[in-house]
Structure formats: structure tokens, C-alpha cells
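What's counted below: heavy atoms across the whole structure, side chains too, no hydrogens, waters or symmetry copies.
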Amino acid sequence: MLAAGLATAGAIAGAGPAAAQEAPPANGATATLGGLTIKDTAIVHGDGGDTEMGAGLFEMAVDQGGSIQTYCIDFGNPTQPKAKYHEVPWSSSSLQNNPDAGKINWILQNSYPQVNDLSALAESAGAGELTENTAAAGTQIAIWRFSDKVNVEAKDPEAEKLADYLEASAEAIEEPAPSLNLGPTAISGKSGEKLGPVTVNTDAAAANLSLSPEAESAGVTVVDADGKALTSAADGTEVFLDVPAGTPDGSATLTADATTQVPVGRAFAGVGEHAQSQTQILAGSSDTTVTAQATATWASEGPIPALSAEKNCAKGGVDVTAENKGDQPFSFELAGESHTVEPGESKTVLVEVAEDQAYEITINGDDGFSEKFTGVLDCDTAGNDTPAPSEPSPASAGGSAGGDDAGDNDGGDLANTGGSSATPVIAGVAIGLVVVGGATVFLLRRRGGSADAA
């Protein structure tokens, strides 16, 4: 996923300040947590004794329209009420380096709500009657056994049979593709040239493409490799920004949007002030609107850098990449060391950050250039077998416990995922662990500019 869910930035290092722009949204789906809507009781066995808590499905409202359902993959941290989330790759979540991540995806594909014929699910599991609540609880419990190695079982005997069946049957399934992203998220080049390419990745039939109004007014257009103007693009399409010769030094934002169902198995991490709300994984989606953005910078001469930052959970830090498409070297200071990127080259520097540590990374470059990336590195699970102490007592899920066994999961309505017949709980409760960095896309600032990432 573009910039692994982190922010990116570009800036003109030539004459004249770069125009400040508002930070684009995260790529893919962004959503607000509702609550634990369909659940039953789990029993967690810990060193201090047994603890009962709710286990089941959360519901989120997608910011641009639509709804999604998620399970927790982050046991030790509680959720934060009304927390903002965004879609991220496994590598930027607590699933990074988890050898059982693919088995979690199998469980999602082969249990509730994707399998909403509860009689058939119970038969496969060798269980008696399953309700929506007990099916959701059994599914969550099986996921916890792989995501956090939790010693947990269902209070309901039939839910426990489902959890045992899912755990024993799970096979590795590869990570699903993102709903929508653009990559790379920061490009640069000389006016009079085509900037790019930027690749469109989406599971939708096509994504609509548009440019910021000031770029269109300057005559900048979105084109394909042959120079043909584009207003939409299918998955895998490479697009370029055609900047006419003589265009004043400046920048543009390329926006892609599409309507699709977010693929089951995509991870969701907290954003900004909610960066430490427990990580979730998608179990069901209605038709939703998803958005992605990339920035472009051009100048007539001099160094023309494009900067990006990406959390590197495997190496315990943040990768900062500087690419220079200008005709002069771009020199910058990062983490107390000097670096130079020659024209047409790029350089990536790993800035080590401790787990759960907030970071502020500043890049100071030629001619007063400055860019800042901030966030929290939160990649690991605690390996804990007790719930987070700050978690409120689970409330009872309302609505029908039996659910609707029939219905095709054919898209447009969240009810088709099996999740709409229960009333949302008043408190957005959860159990979870590790936060994955939020993602804010950083735009161009030449002098003293900064943008926040999470």
C-alpha cells in the first residue's frame, strides 16, 4: 500500500516557495469506529485467573459512505470511542512477521459473516445451533489464538466448537489487495515533461481521476504512457502528469476515487490521536467510497526532490526516501548525518525508533528546504494473555441473537454480510493490542513546511 500507510511529501527546491496544500486522506477506506455490535462471552485464562469479556464483530462507518465490519487482531489494547481508522497493509500492522496471518484470513473467508448460513456453518464445525452472536464470538476467539496467542475459549459450548474447528482447519491465504491506492505517492520532475508514472491499484472496475483545480488551470493533464488524456483508470494502469513547458514552478494533487467493497482481510489501524486504538481486520463490507491521492512537484531547474516516509516494522524504524528528478544534487540532513541524492537517483535512510515511541523526523535540505514526519511506531503485539486493564466492562449486545441464516453476500447492503440485525452497543468496547501507525499524506513545503503523520 502506498507509503505503507504513512505520509509522503514532495517539495520544490528551486526558486520560489512551494504552495502549501492540505494533506490528502489515507489511501483506501477510512472509517469511524461504532461499537462491538454482535458478540457473546469469551473466557480468558490468565496468570491471575479467568476473565470474562465480550468477543465478536465491530461495526465502522466509512467516511465517504458505506459500512464495514471488523474483528480485533490486537488483544492487549482497548479501543478508543469513535476512533478514526484507515486501511493499511499487513506489513504496517500487528500482523507483520506473524506466520499465522494467512490463517486468520482463511478464518475470515470461511466463517461468519462471510458464511452467513449459520446452520451450514454449525454442521461444518460439528456444533449445535449457532446464533449470530455465538458465531461471531467463536470466530473472534479463533482469530485471537493466531493473532495474539491468547489462551481463550468461548463460554457458549457451540461457539467453542466453532472456534476449535476454525483453529484446526485454517490454512494460509495470501494478503488481499488494497481497495485503492496510488503508488508512489510523491513524484517530481521538470516542467515540459511527463511526471510519473503513478500506478493505480484497485479491486474496483476502475477509479475516477482528477487534478487539483489550480493544476488544471495551469494546463496540467492526466495522461497515459502514450500521452492520451485520462479521466479514469483500471487496476494496474500507469498514469502520468503532463506539465507543459513554461509552466511556473508548482505542485499538484492527483486524486483517485472508486466505489467498491473493501476486500475481506484488509487490516485497519488507528489514525492520529487514535493511533493506539486496537488494530482491526475486515470481515465484511458494504459498497463503500474509497479515495487515494498522490502529489507531484515540478520546476524548470535545480534539485527537485520528492520525499516519502514509511514505517518499517521489520527493522524497527521509519524509512525516509528522497528522490531527486532535478538537474542538480539534492543535499539534506537527517538524524544528524548528511546525505546527497544525485540527479535521477533516490536514497532511503532508516531512522530507528523504539516500539511505542512517538517520533518527529525532520529533513533539512538545500536552500532552506525543511520537511517533517511525525507519528508513533507501534508494530508488535504484547503476547499478553490478559485483557488491557483500561478496558471497560463489556455491555450486552442488543437485537436478535438468532440472525438471518439466508441471503446472498452480493454487495450493496451491510445486511448481506450478516451483520445488521443486532443493535450497536452503547460503548465502543474492545480488547486489542498494538497500534499501527496512522497515515497522513504529506504535501509540499519548500521553507519551514511540515506535515503530521501517524
Query raised in the report: Can you find a heavy atom in the side chain of T139 that is under 4.5 Å from one in the side chain of L166?
Result: yes

**Report entry** Set of residues satisfying side chain to side chain contact (heavy atoms under 4.5 Å, CB included) with respect to A125, sequence neighbours excluded
**Finding:** A127, L162, Y165

Query raised in the report: Taking only residues two or more places apart in sequence or in another chain, which ones pass side chain to side chain donor-acceptor pair (under 3.5 Å) with D203?
Result: T260

Report task. Taking salt bridge (Lys or Arg N to Asp or Glu O under 4.0 Å) as the test, write out the residues that go with E352, two or more places apart. Result -> none

Requested in this report: With rounding to the nearest 0.5 Å, note down the distance linking CG in L95 to SG in C313.
Outcome: 10.5 Å

Query raised in the report: Who pairs with D319 by salt bridge (Lys or Arg N to Asp or Glu O under 4.0 Å), at least two apart in sequence or on another chain?
Result: none

Report task. Could you list the residues that satisfy side chain to side chain donor-acceptor pair (under 3.5 Å) with K155, not counting sequence neighbours? Result -> E52

Query raised in the report: Quick one: do E323 and K325 make a salt bridge, cutoff under 4.0 Å?
Result: yes

Query - Flag for K82-T32: side-chain donor and acceptor within less than 3.5 Å - result: no

Query raised in the report: Looking at residues at least two apart in the chain, or sitting in another chain, which of them share a side chain to side chain contact (heavy atoms under 4.5 Å, CB included) with A154?
Result: I141, A159, E160

Query raised in the report: Judged by modelled atom types alone, do Q293 and T253 share a side-chain donor-acceptor pair under 3.5 Å?
Result: no

Report task. Any chance you could lay out the side chain to side chain donor-acceptor pair (under 3.5 Å) test for Q114 and N110, step after step, and finish with the verdict? Result -> CA-CA 7 Å; Q114 289 302 304; N110 291 275; over 6 Å; no

Report summary line: Those residues at least two apart in sequence (or on a different chain) that pass side chain to side chain donor-acceptor pair (under 3.5 Å) with D50 are H45

Report summary line: Residues passing the side chain to side chain contact (heavy atoms under 4.5 Å, CB included) test with A354, sequence neighbours excluded, are Q357

Report summary line: Residue set satisfying side chain to side chain donor-acceptor pair (under 3.5 Å) with E167, at least two apart, ordered chain then number -> R145

**Report entry** All pairs passing salt bridge (Lys or Arg N to Asp or Glu O under 4.0 Å) where residues 169-181 contributes a residue, at least two apart
**Finding:** E175-R266

**Report entry** Side-chain H-bond candidate by donor/acceptor type, H274 with K84, under 3.5 Å
**Finding:** no

Requested in this report: Rounded to the nearest 0.5 Å, what's the gap from CZ on F75 to OG on S147? Could you check?
Outcome: 9.0 Å

Query raised in the report: Is the closest side-chain heavy-atom distance between W106 and S111 below 4.5 Å?
Result: no

Query raised in the report: Quick one: side chain to side chain contact (heavy atoms under 4.5 Å, CB included) partners of V223, sequence neighbours excluded?
Result: K194, T221, F240, D242

